[in-house]
Amino acid sequence: MLLATTIEGYDAELVERVVPLVDMIEISPDRWVREQDGVASIPRSALDFIAGLARQAPLVVHGVGLSIGSYDHWSQAYIGLLDQLFEAVPIRWHSEHLGYAEVEGEPLGTMVELPRSREALRLVSQRVSAIQRRYGVPFLLENVARALPDDGTEQFSPAGFVNEIVADTGCGLLLDVYNLECDRHNIGLNIADFLDELDLRAVREIHIAGGTLYKGFRLDIHSRLVEDSTIALAREAMSRCPAAEVVVFEILDEAVAVLGARAVAAELVRLRGRLGLV
Amino acid sequence: MLKGRGAQAGPDSAYARQLQASPHAAMLREIICWWRQFLLSRDCRFTAALLKRRGDFAAKLEDFVRATPGSVLIEQQADNFLGYTAGDTDPLVAAMARTELALMRSRRQPGYRAAVMWQHDPAPVFAFVLRGLSFEDAAIAGMFRFVADAAAPGGMQWFECYPEVPPELPAGSSAPISENRASN
């Protein structure tokens, strides 16, 4: 099992400190995007920077902006970013959140979970299949931190919905254990039941992060160091997911600016030890 | 609903109505504004500072989120916010928003040049944002012309304007003006 972290900006100190401590690097296309002539694209300078990272460690890509679950479309702009990245650097696999971030072309400014209906299942499965054909590398879906309570008309359990997509498409899963903790706190998810039901054979990547409690909600904000409970849950996931290859410590570059690159490096050393990745 | 437009949209089910009033939806709305606040404080630093000074940055952002479609592009988001705030009724805030927008565009577009009229001296306003020096609006009132110009030293310059018109003519009239450089 490998250890990885996110690199989300041109932070030379962070790269210098953390890259030697990880086996893999995760980047988000959305964090590098700039407007050029009214079009979203990754500037040449960023592609060069990312290529430099790829020379130091294998890369995986984790998106925020695809909006794979929007009822009317997915983000063509994000597909353009993926095209750029796949052309520029070798990418082991890529992943996206099982949710939506746009409605009728308007960005919500946040990520919302999908209704667990047959209609949504068909829509997402078709898109997953299309994206797998387009890039020819594994594609993973991540469980989002759910923000809204169910309406009682769901046709699948949370894990059952994901399993159906996996069965339909053969896609992989990215299991975010901190998001599970958010769901337990915010909407009463039973994590043990979820993991018992989920097809853990499809999990290829595990996310681990630290967030915060705010007004009674646990927020998926990647702003803090990882709590003991999250590490314990990650260890459990590692032991139960036979195809999992990497644990990724997610940290926002805005949080790096507050915590400091040295603290992020120290956290990676601590996580490697606590997760038994030595 | 998530952008606070629920009243206009008219939720069409009991669940939607319940959700609209739920703490979960309120938290999502707050998160949406929080991210905007974070990014725009960074990318529209001068305008954000003046709105915070006035004590209604958060309220302005809520209005902005409600009124505009938003963008995933950082530059577009900043452009939209500054364009929205350029219509503020406070002439100082409006001038700053127009100025910051002009500066952004001049940095992005070679040869771009734009002028913004101010009813206050920009110097103490910039000093407030950059060095935390306080000022009173009334004490810095005047007529200034700010020019964002990549070719100018520092990308900007401003001039105090002296209307060559009888004093009874209001500022902003079409009377010709002469310019005297005040500072840059």
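All heavy atoms count here, side chains included; hydrogens, waters and symmetry mates do not.
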Is atom [atom1] of [X] surrounded by more than 12 heavy atoms (other residues, nucleotides or ligands) closer than 6.0 Å?
| X | atom1 | value |
| --- | --- | --- |
| R113(B) | CZ | no |
| E87(A) | CD | no |
| E119(A) | CD | no |

Exercise. Identify which part of E30(B) has an atom lying under 4.5 Å from any heavy atom of chain A, answering side chain, backbone, both or neither.
Key: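 Only the side chain of E30(B) comes within 4.5 Å of chain A.
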
Quiz prompt | For the student: nearest non-hydrogen atoms of L19(B) and P149(A), plus distance | solution = CD1-CD, 3.7 Å

Inter-residue atom distance [X].[atom1] - [Y].[atom2], 0.5 Å rounding:
| X | Y | atom1 | atom2 | answer |
| --- | --- | --- | --- | --- |
| I221(A) | I31(B) | CD1 | CD1 | 7.5 Å |
| M111(A) | L28(B) | CE | CG | 11.5 Å |
| E254(A) | R42(B) | CD | CZ | 6.0 Å |
| F38(B) | L252(A) | CZ | CG | 8.0 Å |
| I187(A) | H24(B) | CD1 | NE2 | 7.5 Å |
| Y15(B) | L148(A) | OH | CG | 5.5 Å |

Checking heavy atoms, do the side chain of [X], its backbone, both or neither come under 4.5 Å from chain B?
| X | value |
| --- | --- |
| D220(A) | neither |
| V112(A) | side chain |
| Y78(A) | neither |

Quiz item: After noting the C-alpha distance and the side-chain angles of L219(A) and M27(B), does the key distance pass the side chain to side chain contact (heavy atoms under 4.5 Å, CB included) rule?
Solution: CA-CA 10 Å; L219(A) 302 184; M27(B) 178 53 62; 4.1 Å; yes

